[in-house]
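See below for the structure under consideration.
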Amino acid sequence: MARRYVVLDVFTDRALSGNPLAVVLDAEGLDGNQMQAIAREFNLSETVFVLKPADEVNRARLRIFTVNHELPFAGHPTVGTAVLLAIRDGVETSTDFVLEENVGEVPCHINVRGPRTGSATFTVPRLPEIQAGELSIDACAQALGLDRSDIGFDGYTPVVASAGVPFVCIPLASRSALARISPSAGRLIGAFGGEAESVYVFCRDEDGEGDLRARMFAANMGIDEDPATGSAAASLAAVLFAGERPGEGFHVFDILQGVEMGRPSLVRLGLEVSGGALTAVTIGGGAVIVSEGTIYA
């Protein structure tokens with residue numbers, strides 16, 4: 001059967017940067033095994049399959065696959081698919097709708113900037129939490145090919161955090177340390193095992209282009225490095241809330257990722273604080289359509 005697909009670059013406003021995403025629009029009738037096989041064929045970090053929503057008031061139901069397995073939630077598939085659906089709906093300015101993902105309902109606000117580009121911001125359906133703290137600094141340094149002195153800044157230490165998908169969040173002392181990372185799949189899996197599927201490293205942005213810089217490695221997901229990771233940024237919100245102690249109101253952190261890969265990306269992370277508690281987390285970014293076609297499956 002012929003099924004339409006679109007490839008977008010996400011967390012960017014220009015083609016051939018950001019994080020590539022494949023979206024299969026005609027996914028009805030595919031089972032999970034077929035979706036997994038198609039995701040392997042695209043060989044991107046994630047592939048989205050668009051289905052009819054369970055609740056007709058929502059825009060669509062999404063299933064998200066890496067090359068190895070299905071995810072309950074992911075950031076760049078949500079942003080990219082939201083922008084694509086708004087463009088296909090003929091939206092000229094902005095719109096709001098809800099996408100259904102395995103983690104729950106995801107409210108989205110979309111701005112369309114033209115026939116191929118736009119931006120989207122969504123509210124993370126599950127508030128992030130720190131699941132484990134005080135990971136071994138020595139193990140983190142060894143896994144990343146760094147020195148012990150490269151790990152940590154401003155009181156931040158390595159922890160596991162999750163907003164639906166767990167990440168080992170490792171703070172680094174400098175952008176130089178971020179650039180010197182030389183991980184291997186064996187060292188990552190050996191250091192962290194099943195504690196988290198992915199390792200997210202971050203540091204202050206010394207150049208002032210953003211607030212933070214980050215890299216993400218996922219040896220056991222079939223990818224070496226990801227250019228932009230919205231679900232990791234969502235998990236990081238719990239770490240930043242504990243470390244930055246933001247006051248009441250809405251706070252935005254711009255996170256640059258993918259620079260070392262030649263795929264510069266910008267993830268906009270929002271934290272809503274009320275009554276001294278983290279009450280909402282948002283993820284935003286741009287997306288641009290780069291190609292369209294048909295897959296026969």
Side-chain angles (χ1 to χ4, degrees), residues 9-14 16-19 75-76 119 128 130 133-161 167-183 187-188 191 198-218 224-247 249-271 273 278 281-286:
D9 286 335
V10 184
F11 290 125
T12 182
D13 58 2
R14 58 188 178 87
L16 309 182
S17 60
N19 199 350
H76 101 277
S119 63
I130 295 175
E134 300 302 320
L135 297 178
S136 167
I137 291 177
D138 288 329
C140 291
Q142 184 177 12
L144 297 173
L146 296 176
D147 297 328
R148 195 179 195 279
S149 60
D150 290 321
I151 309 298
F153 67 87
D154 296 348
Y156 284 101
T157 57
V159 298
V160 176
F167 290 86
V168 175
C169 297
I170 303 178
L172 298 184
S174 66
R175 184 180 170 190
S176 170
L178 191 76
R180 286 187 281 108
I181 292 172
S182 59
R187 289 203 307 265
L188 291 174
S198 307
V199 177
Y200 190 62
V201 294
F202 64 100
C203 67
R204 301 279 189 202
D205 184 9
E206 301 157 358
D207 297 332
E209 296 179 51
D211 299 294
L212 301 166
R213 287 187 180 253
R215 299 177 73 179
M216 197 283 279
F217 302 92
D224 294 324
E225 183 171 358
D226 199 34
T229 320
S231 54
S235 298
L236 185 66
V239 180
L240 294 176
F241 177 70
E244 300 295 303
R245 300 180 183 275
F250 187 70
H251 306 268
V252 174
F253 296 87
D254 283 342
I255 303 173
L256 296 172
Q257 189 179 338
V259 175
E260 292 77 10
M261 300 175 64
R263 302 281 308 192
S265 309
L266 177 63
V267 180
R268 178 153 287 182
L269 172 64
L271 279 65
V273 179
L278 181 63
V281 174
T282 63
I283 299 291

Query raised in the report: For the side chain of R148 and the backbone of A141, is there at least one donor-acceptor N/O pair under 3.5 Å apart?
Result: no
Report task. Check the pair I181 / E260 against side chain to side chain contact (heavy atoms under 4.5 Å, CB included), numbers first and verdict last. Result -> CA-CA 10 Å; I181 292 172; E260 292 77 10; over 6 Å; no
Query raised in the report: Shortest non-hydrogen contact from G285 to F11?
Result: CA-CD2, 3.7 Å
Query raised in the report: Considering residues at least two apart in sequence or located in another chain, which fulfil the side-chain contact (heavy atoms from CB on, under 4.5 Å) criterion with S174?
Result: S176, A177, E206
Requested in this report: Could you give me the CA-CA distance, side-chain angles and deciding distance for I283 and L269, then say whether side chain to side chain contact (heavy atoms under 4.5 Å, CB included) is met?
Outcome: CA-CA 5 Å; I283 299 291; L269 172 64; 3.6 Å; yes
Requested in this report: Report the residues that fulfil side-chain contact (heavy atoms from CB on, under 4.5 Å) with D254, sequence neighbours left out, ordered by chain and then residue number.
Outcome: D211, V252, L266, R268
Query raised in the report: Which residues satisfy the side-chain contact (heavy atoms from CB on, under 4.5 Å) test with T229, sequence neighbours excluded?
Result: F167, M216, D226, S231, A232, Q257
Query raised in the report: Would you say the side chain of V160 lies within less than 4.5 Å of the side chain of V168, judging by non-hydrogen atoms?
Result: yes
Query raised in the report: So which heavy atom on A139 is nearest to which on S136, and how close?
Result: N-OG, 3.0 Å
Query raised in the report: Once you round to the nearest 0.5 Å, how far does CG of L188 lie from OG of S198?
Result: 9.5 Å
Query - Derivation and outcome, side chain to side chain contact (heavy atoms under 4.5 Å, CB included), residues R204 and D154 - result: CA-CA 10 Å; R204 301 279 189 202; D154 296 348; 3.0 Å; yes
Query - Q142, CD atom: more than 12 neighbouring heavy atoms under 6.0 Å - result: no
Query raised in the report: Between V259 and L178, does a side chain to side chain contact (heavy atoms under 4.5 Å, CB included) hold up when you go through it step by step?
Result: CA-CA 10 Å; V259 175; L178 191 76; over 6 Å; no
Query - From CG (L236) to CG (L271), nearest 0.5 Å - result: 8.5 Å
Requested in this report: Look at the side chain of N19 and the backbone N and O of V10, then say whether any donor-acceptor pair between them is shorter than 3.5 Å.
Outcome: no
Query raised in the report: Can you check whether R14's main-chain N or O pairs, donor with acceptor, with S17's side chain at less than 3.5 Å?
Result: yes
Report task. Enter the distance from C203:SG to I170:CD1 here, rounded to the nearest 0.5 Å. Result -> 13.0 Å
Query raised in the report: What closest approach, in Å, do P158 and I137 show between heavy atoms, and which atom pair accounts for it?
Result: CD-CG1, 4.2 Å
Query raised in the report: Which pair of heavy atoms, one from V273 and one from G247, lies closest together, and at what distance?
Result: CB-O, 3.3 Å
Report summary line: Value for CG (L144) from CD1 (I151), rounded to nearest 0.5 Å, stands at 5.5 Å
Query raised in the report: Do side-chain atoms of S265 reach the backbone of P227 as a donor and acceptor pair under 3.5 angstrom?
Result: yes
**Report entry** Heavy-atom closest pair, residues L278 and A237
**Finding:** CD2-O, 4.3 Å
Requested in this report: Sorted by first residue and then second, give each ring-ring contact (aromatic ring centres under 6.0 Å, His included) pair with at least one member in residues 139-159; sequence neighbours left out.
Outcome: F153-Y156, F153-F202, Y156-F202
Report task. Using the test side-chain contact (heavy atoms from CB on, under 4.5 Å), find all partners of A238 that sit at least two apart in sequence or belong to another chain. Result -> P128, I130
Report summary line: CG (D147) and CZ (R180) are apart, to the nearest 0.5 Å, by 6.5 Å
Report summary line: Sequence neighbours excluded, the answer for side-chain hydrogen bond (donor to acceptor under 3.5 Å, both in side chains) partners of D13 is none
